[in-house]
Amino acid sequence: MNILAIESSCDDTAAAVIENSKVKSNVISSQKFHGEYGGIVPELASRSHTQVIYSIVKKSLEDAKTKINDIDAIAVTSSPGLVGSLMVGSNFAKGLSIKYGLPLIPINHIEGHIFSGNLEDPTLEFPLISLVVSGGHTSIFKVNSFNDYEVLGSTIDDAAGEAFDKIAKMLGMTYPGGPLIDKASKNGDPEFHKFPRPLLDKDNFNFSFSGLKTAVRYFLSNRYPDGDFEKDVDNICASVQRAIVDVLVKKTIKAAQNYKIKNIVIGGGVSANSELRDTMKNEADKIGARLVLPSMDYCIDNAAMIGFLAEEKSKEKDINEFNDLTFVCSPAPIRAKQR
Ligand code: KG4
Ligand code: ZN
């Protein structure tokens, strides 16, 4: 089975070819220009997707040494994300599906991140705890199989990546600020200032990061009324990063202990964070859990995870039944059940 997968939910245009769960190509084009606006401009994102999607899909076929006629199905991210961006990939995929008479499998972007550990390591077994942490999402999932998972908790306000990006902006950094805070933190003291760890001691798996953003704003204006925080910027970054990582790791480990689950996976752009990776590994070791850390290519937004999951979905029913071209792109995230 050869699947051509397309992902365009936010600011990366990506395409991949998956053959029998193996990644044959994985092409990503990132829209760097949003940095000058301090964040993603949705209209510019969708225009940029339209400009590059044809060449990215073509390259993914070339890299895989595969012809479109050898493809058995198309997979595409249909939700959640920026609707204009999602529509570019979805409409392109619908066009290919019609022209070549191929089944079309719509995939949820967050589900793609949830199962990126299984893409990374096929020996990973269910059940597992999956932390998906990105610019738009922060959730912990209890995953029983490819078709069965539940949200244990999610952020009640900002996503962790959003907190990284907004705090970086306050510190004069460009977008996306997460990787810049990660880099600066390596030279800073995480004990420099203790920023709040919201909901850490609450008996649930929800997160809240908007208070941290406000705490940093007040910290900067109180401690540096003249705006001369530059000399301490590495220390501030390290302290902020420690606060975010602390909550992400403690809640994920608590979920694993609570449900007696021995496999942990992290996914989404923030899972590229070096301190998060190291701390999660240490804490998983302490409770005897196995941690799968997807490689960077599968942490960030990518089409390989979309194609991989589509292949799993195609095992649920006859591939030719994936013929609904009327699906609508939706921004709605996966919601937790009320607990
Ligand atoms: O999953 P992703 O590529 O796109 C979304 O679906 O949001 O995640 C992007 C987010 C951004 O907020 C970015 O700042 C963050 O991931 N990020 C990081 C790091 N690399 C990317 N945050 C902290 N440390 C990093 N090394
Ligand atoms: Zn993502």
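Start at 1 and go down the list; that is how both ligands and their atoms are numbered.
When each atom of ligand 1 is checked for a heavy atom of Gly136 under 4.0 Å away, the hits are 7 (O). Listed by number with element, the atoms of ligand 1 under 4.0 angstrom from any heavy atom of Ala272 are 20 (N), 26 (N). Close contacts between ligand 1 and His109 involve ligand atoms 6 (O) [criterion: under 4.0 Å to a heavy atom]. Proximity to Val270 (heavy-atom distance under 4.0 Å) selects the following atoms of ligand 1: 15 (C), 16 (O), 18 (C), 22 (N). Remark: ligand 1 atoms within the under-4.0 Å shell around heavy atoms of Asp301 are 1 (O), 2 (P), 3 (O), 4 (O), 5 (C), 6 (O). Below 4.0 Å from some heavy atom of His113 lie the following atoms of ligand 1, by number and element: 1 (O). Each of the atoms 12 (O) of ligand 1 lies under 4.0 Å from some heavy atom of Gly161. Of all atoms in ligand 1, numbered sequentially from 1 with element shown, those under 4.0 Å from a heavy atom of Gly178 are 14 (O), 18 (C), 19 (C), 22 (N), 23 (C), 24 (N), 25 (C).
Judged by the 6.0 Å distance and 45° axis criteria, Lys166 is not positioned over the aromatic ring of Phe209. Cation-pi check for Lys169 over Tyr175 is not met; the charged atom does not lie both under 6.0 angstrom from the ring centroid and within 45 degrees of its normal.
The atom name of the N/O/S atom in Asp301 closest to the Zn ion (ligand 2) is OD1.
Of all protein heavy atoms, the one closest to atom 21 (C) of ligand 1 is Gly269 O, 3.3 Å. For atom 26 (N) of ligand 1, the closest non-hydrogen atom on the protein side is Asp182 OD2, 2.9 Å. Summary of contacts: the protein heavy atom closest to atom 10 (C) of ligand 1 is Gly135 N, 3.5 Å. Atom 11 (C) of ligand 1 has Asp165 OD2, 3.5 Å as its closest protein atom, hydrogens excluded (heavy atom only).
Coordination check, His109 versus the Zn ion (ligand 2): passed, since an N/O/S atom of the residue sits under 2.8 Å. Checking His113 against the Zn ion (ligand 2), an N/O/S atom falls under the 2.8 Å cut-off.
Put simply, the side chain of Leu276 reaches to within 4.5 Å of the side chain of Leu248, judged on heavy atoms.
When only modelled atom types and interatomic distance are considered, Ser139 and Ser154 share a side-chain donor-acceptor pair under 3.5 Å. Asp232 and Tyr224 are linked by a side-chain donor-acceptor pair at a separation below 3.5 angstrom, with hydrogens and angles left out of the test. For the residue pair Tyr149 and Glu111, a side-chain donor N or O sits within less than 3.5 Å of a side-chain acceptor on the partner.
A tilted orientation is assigned to the rings of Phe205 and Tyr259, their planes being inclined by 30° to 60°. Between Phe115 and Phe146, the ring-plane angle classifies as tilted under the 30° and 60° cut-offs. Ring-plane geometry between His193 and Phe219 is classed as tilted, the angle between the planes lying from 30 to 60 degrees on a 0 to 90 degree scale.
Residue nearest to atom 19 (C) of ligand 1, selected from Ser185, Pro179, Gly268: Pro179 (by heavy-atom distance).
Both the backbone and the side chain of Asn273 come within 4.0 Å of ligand 1, counting heavy atoms alone.
Considering Asp158, Ile244, Val247 as possible partners of Leu212, the one that fulfils the side-chain contact (heavy atoms from CB on, under 4.5 Å) test is Ile244.
Of the N or O atoms in Glu162, none lie within a sub-3.5 Å distance of an N or O in ligand 1. By the 3.5 Å distance cut-off applied to N or O atoms, Cys299 is not counted among the residues near ligand 1. Below 3.5 Å of separation, one finds no N or O of Ser274 facing any N or O of ligand 1.
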> When you look at Arg242 and Asp246, which way does the salt bridge (charged side-chain N to carboxylate O under 4.0 Å, His left out) test go after all the steps?
Replying inline: CA-CA 6 Å; Arg242 178 61 57 89; Asp246 215 14; over 6 Å; no

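Under a 3.5 Å cut-off, the side chain of Ser90 and the backbone N or O of Met87 do not form any donor-acceptor pair.
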